[in-house]
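Residue numbers count from 1 along this sequence. As the structure is a computational prediction, the values presented were derived from the model and not from experiment.
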Amino acid sequence: MSIGAGVLLFVIGAILRFALNVEVGWINVPLVGNILMGAGVVVFVLGLIFTFRRRRTTTARRQVVDRGAGQETVRRTEETDDTGL
């Protein structure tokens, strides 16, 4: 969601900066566009970092019967894929 929000902020900022030719006395529209584009880039990069930083864990469960003792045991193995970011 944050990646999409970053793109949206950037697009709105680019529209304000480059597509509108409006002069308002109490606000500088191109400056607001620049600020929104910068905020969009920051939100987009943070979204990418948090997306790739998530840990992915795979759990495998196996039931094994010990023939000598006649007991059933459960073995669980976990594999973690950490991207290191």
Side-chain angles (χ1 to χ4, degrees):
M1 181 174 161
S2 62
I3 295 173
V7 170
L8 181 68
L9 282 174
F10 188 83
V11 168
I12 292 172
I15 290 171
L16 289 176
R17 174 67 175 107
F18 300 113
L20 291 181
N21 193 10
V22 178
E23 290 188 23
V24 182
W26 54 276
I27 192 168
N28 189 352
V29 177
L31 178 63
V32 172
N34 287 340
I35 292 171
L36 286 177
M37 285 193 303
V41 168
V42 169
V43 170
F44 181 78
V45 169
L46 287 175
L48 285 177
I49 289 172
F50 287 135
T51 298
F52 290 126
R53 190 177 174 110
R54 291 184 190 152
R55 288 183 160 205
R56 293 175 179 89
T57 303
T58 305
T59 303
R61 185 174 173 172
R62 243 178 20 166
Q63 290 184 346
V64 179
V65 177
D66 187 8
R67 295 182 187 206
Q71 295 179 350
E72 186 173 307
T73 60
V74 176
R75 292 183 185 165
R76 184 176 299 177
T77 59
E78 293 186 7
E79 295 178 14
T80 302
D81 181 22
D82 192 7
T83 59
L85 289 178

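Heavy atoms only, all atoms of each residue included: Val29 and Val22 are closest at CG2-O, 4.1 Å. Among all heavy-atom pairs drawn from Gly47 and Ser2, the shortest one is CA-OG, 3.1 Å.
One finds the CD1 atom of Ile49 at 11.0 Å from the CZ atom of Phe44 (value rounded to the nearest 0.5 Å). Ile35 contributes atom CD1, which lies 12.0 Å from atom CG of Leu9 (distance to the nearest 0.5 angstrom). For the atom pair CG (Leu31) and CG (Leu36), the distance works out to 9.5 Å, reported to the nearest 0.5 Å.
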